[in-house]
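Convention: sequence-line order gives letters A, B, ...; per-chain numbering from 1.
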Amino acid sequence: MSSDTPTTPTHHFIRQIVLDDLAAGRHGGRVATRFPPEPNGYLHLGHAKSICLNFGLAAEFGGTTNLRFDDTNPTREDIEYVEAIKADVAWLGFRWARLLHASDYFEVIYRCAEKLIRQGHAYVCDLSADAVREYRGTLTEPGRDSPYRGRGVDENLDLFRRMRAGEFADGSRTLRARIDMASGNINLRDPALYRIRKVPHQNTGDAWCIYPMYDFAHAISDAVEGITHSICTLEFEDHRPLYDWILDRLDLVGDDSLTEPLRAAGLDLPRSRPQQIEFARGNLDYTVMSKRKLIALVEEGHVDGWDDPRMPTLVGARRRGFPPAAIRTFWERAGVTKQNSVIGFDVLEGCVREVLDREAERRFAVLDPLPLVIENLADDHAESIPFPNHPKDPSRGTREVPFSSRLLIERDDFAEVPPKGFHRLVAGGEVRLRGVGIVRCTGVARDAAGRVTGLSATLDPDTRPGQPGAERKVKGTIHWVSARDALTAEVRLYERLFTAPDPDDDAGGGDFRDRIDRDSKRIAVAHVEPAAASADPETVFQFERLGYFVADRHDHRLERPVFNRTVTLRDSFAKAAK
RNA sequence: UGGGGCGUCGCCAAGUUGGUAAGGCACGGGAUUUUGAUUCCCGCAUUCGUUGGUUCGAGUCCAGCCGCCCCAGCCA
């Protein structure tokens, strides 16, 4: 990881657990975590919290983190997401120790199932999905035992092997854990361990027609990979007793026969008895994060794709120009707890400004041009003015900005009737042209409709840099570009996608679609200095006084520059005006 | 009238074995500033969902209320 904001890691309960484990000498001093996405969608800002936590915590203690694809359900997963997920994790700045799949362990998981059967802890159930639901009971009423719960070990083993052999139809049978149909915890009411799905798997092809359920596969995968701290979100709290139940019965650490297939395949991994720890996922206001809604936004054309800069996806954030370091410090700042919370999107933007102020070079751009002619300069006046690339970092060097008598300034940097407190240009008034000197407005041209079409001004030569009057104070400083030298660029101005802090809240009627801000994307033709246009894609600049803009990852060309506005600068004048 | 979690400043969030409420963001004020940006100062919870109790002393212990979140996929 490169230059990070050194946010002091605040003390949180998971860090404390790791510290305690280390102090107690558990796991031989090892810290191993994993990030286990299901390859069925794009990663978003919420996933980033988990990624930062898992990778960050392990790294902090010299441990390792595996990237493991939780591919136990071939009917809903697709290999197309695998590469995207890998790219996102890498972009965020993390490197996995090993790249693995739950499907790498299918043979091990199968052996685990047989072991449970032999122990009398699992049985093959012939109940249909509907029947299972009926037998399960409700939140307040206990369930009833399946009629197949009493099957003997031999019969279960035979049936399970025949399930694997493909003798039975999809959904006709399951392997279930024999736990407690009356448990208050519904996860313990004889949960399914294996189901029949005669569907080819993206990784194992048609080698299997039975697939393990998440709870079973996940616990085993963690143990088999030597994970020490299995970090997941709050909704899995209820699953922890099952996680422990499985691991306690299997003894993957002590029973070599279970993992023999891995070693035979050349995969020799350390084993462990992992601990599941749950934390609250991070929510952001003014956005939606559920997979279903994200898909709807894309498929219904409300946005321009998964990587639309307004999307909370990591590819979206990337295209928006959010630096990975900003996302990392954002989640570090948000903290890790078990409290459900919603963090303001503006906090993220604050982190973005913080790293960009430090990292981004400065350039000039005018988004809404108003011509300004300097009368006391020759019409063909041409010079080149050196500007520092970064105001606080001389090592970033300088660039040459062409200057002439015909400039373009920002239309709202001039006012015929200035609002109170206005520091910019007014008819007859003075303002500083950044890096040039003080200019006085001597004329205002209007069209037939009375709209201002241009300004004329005189430049006070004494106030040019290096001259005795250069230090003279004026209230305002505005930016400019040379009309003749500026290049036009497409600039995409993005706002938050939703108009409501909680787009998911349907209490006021309608659904999240009704809260989409249709003006959240606007396109402007900007005039930029030459040194802005020549940037590589994904370069972020601060267009002085306007905000941070990133050269579009896909569309930016030297001949046709395209910038996305990442975030505006903080603007206390605009804020006070409201 | 099931089980599991959670309630500390507007938003996040520290608060070790009870000893008299960190920090960040936001906000208000001021200073610097050729970006109304950045930076820099200063201010910002007699109070910890609530009611009682224990104690010399409770955010921290006990009890009762109240509120919010999650669980009835052969999804993860």
Euclidean distance, atom CZ of residue A:R281 to atom C1' of B:C12 [Å, nearest integer]: 18 Å
Can you tell me how far P in B:G18 sits from the matching atom in B:G57, rounded to whole Å? 15 Å
Examine B:C74: is either OP1 or OP2 under 4.0 Å from a nitrogen or oxygen in the side chain of A:R197? Give yes or no. no
Rounded to whole angstroms, how far apart are CG on A:D244 and P on B:G4? 15 Å
Does B:C74 have OP1 or OP2 sitting under 4.0 Å from an N or O in the side chain of A:R136? yes
Would you mind telling me which of A:R149, A:R136, A:R176 makes a side chain to side chain donor-acceptor pair (under 3.5 Å) with A:D190? A:R149
pi-stack flag for A:F573 and B:G36, centroid dist under 5.5 Å, interplanar under 30°: yes
Mind telling me whether A:F106 and A:Y211 have parallel, tilted or perpendicular rings, with 30° and 60° as the class edges? perpendicular
Flag for A:Y105-A:E225: side-chain donor and acceptor within less than 3.5 Å: yes
Between B:G36 and B:C70, how far apart are the two P atoms, rounded to whole Å? 46 Å
Take nucleotides 25-34 of chain B nucleotide by nucleotide from the 5' end and write B, S or -, depending on whether a protein heavy atom sits under 4.0 Å from the base, only from the sugar-phosphate, or from neither. SSS------B
What base-paired stems does RNA chain B take part in, with at least 3 consecutive Watson-Crick or G-U wobble pairs and both distances under 3.5 Å? B:2-7 with B:66-71, B:10-12 with B:23-25, B:27-31 with B:39-43, B:49-53 with B:61-65
Taking atom CZ as the centre, does A:R281 end up with more than 12 heavy-atom neighbours from other residues, nucleotides or ligands that are less than 6.0 angstrom away? no
Looking only at side-chain N and O atoms, does A:S183 come under 4.0 Å of OP1 or OP2 in B:G3? no
Ranking B:U35, B:G73, B:A76 by distance to the side chain of A:R362, first place goes to B:U35
Flag side-chain contact, heavy atom, 4.5 Å: A:I438 against A:R472: yes
B:A22 and B:G59, which share atom name P, separated by this distance in whole Å: 13 Å
If I pick the P atom on B:U46 and the same atom on B:U34, what distance separates them, to the nearest angstrom? 41 Å
Under 4.0 angstrom between A:R189 side-chain N/O and B:G2 OP1 or OP2: no
Would the base of B:G4 count as contacting A:R240 through its side chain, where contact means a donor and an acceptor less than 3.5 Å apart? no
Single hit among A:V439, A:L372, A:V401 for side-chain contact (heavy atoms from CB on, under 4.5 Å) with A:W480: A:V401
Would you please determine if the base of B:A14 is stacked by A:H11, with stacking meaning a centroid separation under 5.5 angstrom and planes under 30 degrees? no
Does any donor atom in the side chain of A:Q339 or A:S341 lie under 3.5 Å from an acceptor atom in the other side chain? no
Is there a donor-acceptor contact under 3.5 Å linking the side chains of A:T75 and A:N73? yes
Checking all strands, does A:V336 fall into the base, sugar-phosphate, or nothing category for heavy-atom contacts under 4.0 angstrom? sugar-phosphate
Just call it for A:S572: base, sugar-phosphate, or nothing, with non-hydrogen atoms closer than 4.0 Å on any strand. sugar-phosphate
Measure all distances between protein nitrogen or oxygen atoms and nitrogen or oxygen atoms of nucleotides 65-70 of chain B, and list the pairs falling under 3.5 Å.
unit_1, atom_1, unit_2, atom_2, d
B:C69, O2', A:N340, ND2, 3.2

Is the shortest heavy-atom distance from the side chain of A:F69 to the side chain of A:K86 under 4.5 Å? yes
Given B:A76, is OP1 or OP2 found less than 4.0 Å from the side-chain N or O atoms of A:R76? no
Please determine, by modelled atom types, if A:T287 and A:R496 share a side-chain donor-acceptor pair under 3.5 angstrom. no
Could you check how far CD of A:Q276 sits from C1' of B:G5, rounded to whole Å? 13 Å
Is the charged tip of A:R353 near the ring of A:Y548: under 6.0 Å from the six-membered ring centre and within 45° of its axis? no
Write down the distance separating the P atoms in B:U39 and B:U20, rounded off to the nearest Å. 34 Å
Quantified in whole Å, what is the P atom distance between nucleotide B:U54 and nucleotide B:C68? 31 Å
Is a salt bridge present between A:R362 and A:E544, judged by a nitrogen-to-oxygen distance below 4.0 Å? no
Hey, does the side chain of A:H218 come within less than 4.0 Å of B:A76's phosphate (OP1/OP2), counting only N and O? no
Measure from NZ or CZ of A:R151 to the centre of the six-membered ring of A:Y123, then state whether that distance is under 6.0 Å and the direction lies within 45° of the axis. no
Between B:G4 and B:G64, how far apart are the P atoms? Round to whole Å, please. 15 Å
When you measure from the side-chain N and O atoms of A:T337 to the phosphate of B:C12, is any distance below 4.0 Å, counting only OP1 and OP2? no
Atom CZ of A:R363 to atom C1' of B:A37: distance rounded to whole Å? 17 Å
Taking atom C1' of B:G3 as reference, at what distance in whole Å does atom CD1 of A:I179 sit? 14 Å
Between C1' on B:G73 and CD on A:E134, what's the gap in Å once rounded to a whole number? 16 Å
Return the nearest nucleotide to the side chain of A:Q339; candidates are B:A72, B:G36, B:C6. B:C6
